[in-house]
Amino acid sequence: MRIRSGFPVLAAALALAASPTWAAQEDGQNAADDDPMVLYDKDGTTLRAHLQAGGNLVAEHDLFWRFSETVAGVTDFDPNAEWFEAYVKPGLTFERRVGERATFYGGVSAVASMTVGTDAFDAGDTGRATLEEGYLGWRYKADETTFDVSVGPRVFKAGTGMLIEAGGSSGFSRGALKLGPRKAWAFAALGEVSRGGFKGTAFYLDPNESPDNDSHNRLAGVDIRYDANPNAVIGLTAGKVLESESPYPKAPPGGIGVPSIIPGARDGLKFANLYIRSPLRGAPNAFMAADLAVERNDRIDLRAWAGRAQIGYAFAEHRWKPTFTLGYQTFSGDDPDTPRLERFDPLYYEGNPSAWSTGTKSSMVFINSNVNSWQVAVSVAPTPADTFTLRIHRIEADQLRSPIQFGQATRVEGDDIDNPITGVTRHHLSDDLYVEYFRAISANLYLTTGFSVSVPGAGTKSIVEDAPVWAGAYVNLIANY
């Protein structure tokens, strides 16, 4: 399982880390004269230091709706957990102008992370220090066209992050399960051409997978997009998994029995993701967004698909700037009544509640495969520094009697030990409610606290009849310089 950040504040901090103060800029002016982090800025050469750090205190009650004993047969797992996690990420970036048109640039950073106590996946007192970024790049401007190539470990996101964003994994032996500070790919080769609003990027990626779960994945592809303005974009991401040892589960015929496991099934997977976001005509404060993804792998007869539709409205003139968003997303599951495999592979999606996670707590159990979800989000900002957000998710299984996540919920019901049941027998899995408060203490310091609950649905109760409400809370502090 790949663990991703569950907190939008970290996504915001990392977005700032990829902003003009963190990445080399086209005009070479990547730091203000009074920026204390600039170590050298003279004769076309700029060297800047960077520092990110964060701490997070978490408490969980009735983890995973107490699935552990029923599904996994684990009797000594404590469903109530409290832990502290932290990370620090120092780094350096530089750029050097070469003539009037060319710029040579690069960056290096490392992440040291830790967990004190036992986290949600029963990993305790863990931590690691790993290389995060270490890339070199070259940029050349020819009239209105810019060429940019880079190689080495770095952050890269394709499109909306539906398939390709989370290049690094945290948690387990690396610690910092919830903060998820690792975002960079272990190796990335990127080639970009841009002109006006058009941008095309070719990529080759090697994910920075945890040693607990390294399946030696490699993938390559292209992302082509057109940004008509900052609020309107249309694009296409397409690619192929060149190498992988990642297995897939296959639903048993009729969903009766134990799922079969197809070793190395991800190898050769082809994928395409069309995405669009645009204001609504005649309503500049309203927007719509849509994603459609298809996957196929002829080697194992796989055909899968996923999609999302969103609509939202921002009351920009109101003092508190309320924003409402309604969305629905669906990820195909394997139909137990067909010989073909229809299980959608979410690859390396951006997994936080404001992006692609399915639910809040439920996203720790259900990855974006064989699940559908309605989502409602409401946020208000009583001051420029304070934001309150409410998120509600209704989560359902796409296919009954089919693996949820990786074979999750295969079990024996009653005394019929010869016919174990896979997946769930009712569609409704859970209802998640998440309340978050975010405060920008300063331009470099952010506080976030939140509370969330997950109420089990009929599908979950078909596995654990007396499943309790799963609840939890956290408070974290992130610094980004």
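- Listed by chain and residue number, F94 satisfy the ring-ring contact (aromatic ring centres under 6.0 Å, His included) test with F104 (two or more places apart in sequence, or in another chain).
- Taken to the nearest 0.5 Å, the CZ atom of R266 stands 5.0 Å off from the OG atom of S244.
- No donor-acceptor contact under 3.5 angstrom links the side chains of S357 and N352, judged on distance only.
- Between R101 and D143 there is a side-chain heavy-atom pair separated by less than 4.5 Å.
- Applying the ring-ring contact (aromatic ring centres under 6.0 Å, His included) rule to W374 yields the partners Y328; only residues at least two apart in sequence or on another chain are considered.
- Annotation: K270, atom NZ; neighbour count of heavy atoms from other residues, nucleotides and ligands within 6.0 Å does not exceed 12.
- One N or O on the side chain of D125 and one on the backbone of G117 form a donor-acceptor pair closer than 3.5 Å.
- What you find for A86 and A176 is that their closest heavy atoms are O-CB, 4.1 Å.
- Heavy atoms only, all atoms of each residue included: T160 and E350 are closest at O-OE1, 3.8 Å.
- In this structure the side chain of E100 never reaches within 4.5 angstrom of the side chain of K141, judged on heavy atoms.
- With contacts defined as side-chain heavy-atom distances shorter than 4.5 Å, the pair F344/F271 does not qualify.
- Rounded to the nearest 0.5 Å, atoms OG1 (T389) and CZ (F438) are 9.5 Å apart.
- The main-chain N or O of P249 is never found under 3.5 Å from a side-chain atom of R343 such that the two would form a donor-acceptor pair.
- Expressed to the nearest 0.5 Å, how far OH of Y105 lies from OG1 of T46 amounts to 15.0 Å.
- Side-chain N or O atoms of S210 include none that pairs as donor or acceptor with a backbone N or O of S169 at under 3.5 Å.
- At a threshold of 4.5 Å between non-hydrogen side-chain atoms, the residues E85 and D119 do not count as touching.
- Side-chain contact annotation: R139 with T103, donor-acceptor N/O pair under 3.5 Å absent.
- For the pair I262 and P247, the minimum side-chain heavy-atom distance is 4.5 Å or more.
- Counting heavy atoms from C-beta outward, P153 and L131 have side chains that approach closer than 4.5 Å.
- Pairs passing the salt bridge (charged side-chain N to carboxylate O under 4.0 Å, His left out) check and including a residue from residues 357-367, sequence neighbours excluded, read E60-K361.
- Under the rule for a ring-ring contact (aromatic ring centres under 6.0 Å, His included), the partners of F198 that lie at least two apart in sequence or sit in another chain are Y226.
- D148 places no side-chain N or O within 3.5 Å of a backbone atom of G191 that could act as its donor or acceptor partner.
- Listed by chain and residue number, nothing satisfies the salt bridge (Lys or Arg N to Asp or Glu O under 4.0 Å) test with D267 (two or more places apart in sequence, or in another chain).
- Taking both residues in full, the closest heavy atoms of M364 and A120 are given as CE-CB, 3.5 Å, listed atom of the first, atom of the second, then distance.
- You'll find the side chain of T118 stays beyond 4.5 Å of the side chain of W83, heavy atoms only.
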> Does the pair L477 and I441 meet the rule for a side chain to side chain contact (heavy atoms under 4.5 Å, CB included), with working shown?
Replying inline: CA-CA 10 Å; L477 190 65; I441 299 173; 3.8 Å; yes

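- Checking side-chain atoms of T449 against main-chain N and O of Y474 turns up a donor-acceptor pair under 3.5 Å.
- Applying the ring-ring contact (aromatic ring centres under 6.0 Å, His included) rule to F156 yields the partners F203; only residues at least two apart in sequence or on another chain are considered.
- Not counting sequence neighbours, the partners of Y437 by the side chain to side chain donor-acceptor pair (under 3.5 Å) test are D386.
- Qualifying side chain to side chain donor-acceptor pair (under 3.5 Å) partners for D298, counting only residues two or more places apart in sequence or in other chains: R296, R303.
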> So Y248 and N297, side chain to side chain contact (heavy atoms under 4.5 Å, CB included) or not? Walk me through it.
Replying inline: CA-CA 12 Å; Y248 290 162; N297 191 335; 5.6 Å; no

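- Using modelled atom types, one side-chain atom of D432 and one backbone atom of S362 make a donor-acceptor pair closer than 3.5 Å.
- If you take CD on E95 and CZ on R48, they are separated by 12.0 Å, rounding to the nearest 0.5 Å.
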>> Under the criterion side chain to side chain contact (heavy atoms under 4.5 Å, CB included), I'd like the reasoning laid out for L190 against W185: C-alpha separation, chi angles, the key distance, then a yes or no.
In response: CA-CA 11 Å; L190 307 176; W185 302 85; over 6 Å; no

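- Remark: of the listed residues Q329, R391, R394, Q329 is the sole one forming a side-chain hydrogen bond (donor to acceptor under 3.5 Å, both in side chains) with Q375.
- Counted by atom type alone, S452 and T360 present zero donor-acceptor pairs between their side chains at under 3.5 Å.
- Separation of atoms OG (S373) and CZ (F366) is listed at 11.0 Å; rounding is to 0.5 Å.
- In this structure, CG in L236 is found 6.5 Å from CD1 in I224, a value given to the nearest 0.5 Å.
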>> Let's go through Y348 and L219 carefully: what are the C-alpha distance in whole Å and the side-chain angles of both, what is the deciding distance for side chain to side chain contact (heavy atoms under 4.5 Å, CB included) to 0.1 Å, and is it a yes or a no?
In response: CA-CA 11 Å; Y348 299 92; L219 59 156; 4.1 Å; yes

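- Take S113 and apply the side chain to side chain donor-acceptor pair (under 3.5 Å) test, not counting sequence neighbours, and it matches R182.
- Between the side chain of S215 and the backbone N or O of N217 there is no donor-acceptor pair closer than 3.5 Å.
- Under the salt bridge (charged side-chain N to carboxylate O under 4.0 Å, His left out) criterion, the residue pairs touching residues 214-236 are D206-R218, R225-D227, with sequence neighbours excluded.
- For the pair T387 and S379, the tightest heavy-atom approach, listed with the atom from each and the gap, is CG2-CB, 4.4 Å.
- In this structure, F331 and I367 have side chains that are not in contact, with every pair of non-hydrogen atoms separated by 4.5 Å or more.
- Legend: residues meeting side chain to side chain donor-acceptor pair (under 3.5 Å) with S363, ordered by chain and number and at least two apart, are absent.
- Of all the heavy atoms in P353 and Y434, the pair that sits closest is CG-CE2, 3.9 Å.
- Of all heavy-atom pairs spanning A188 and R154, the tightest one is CB-CG, 4.1 Å.
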Could you tabulate the donor-acceptor pairs under 3.5 Å formed by side-chain atoms of residues 304-325, not counting sequence neighbours?
residue	atom	partner	partner atom	Å
R308	NH1	A355	O	2.8
H318	ND1	W320	N	2.9

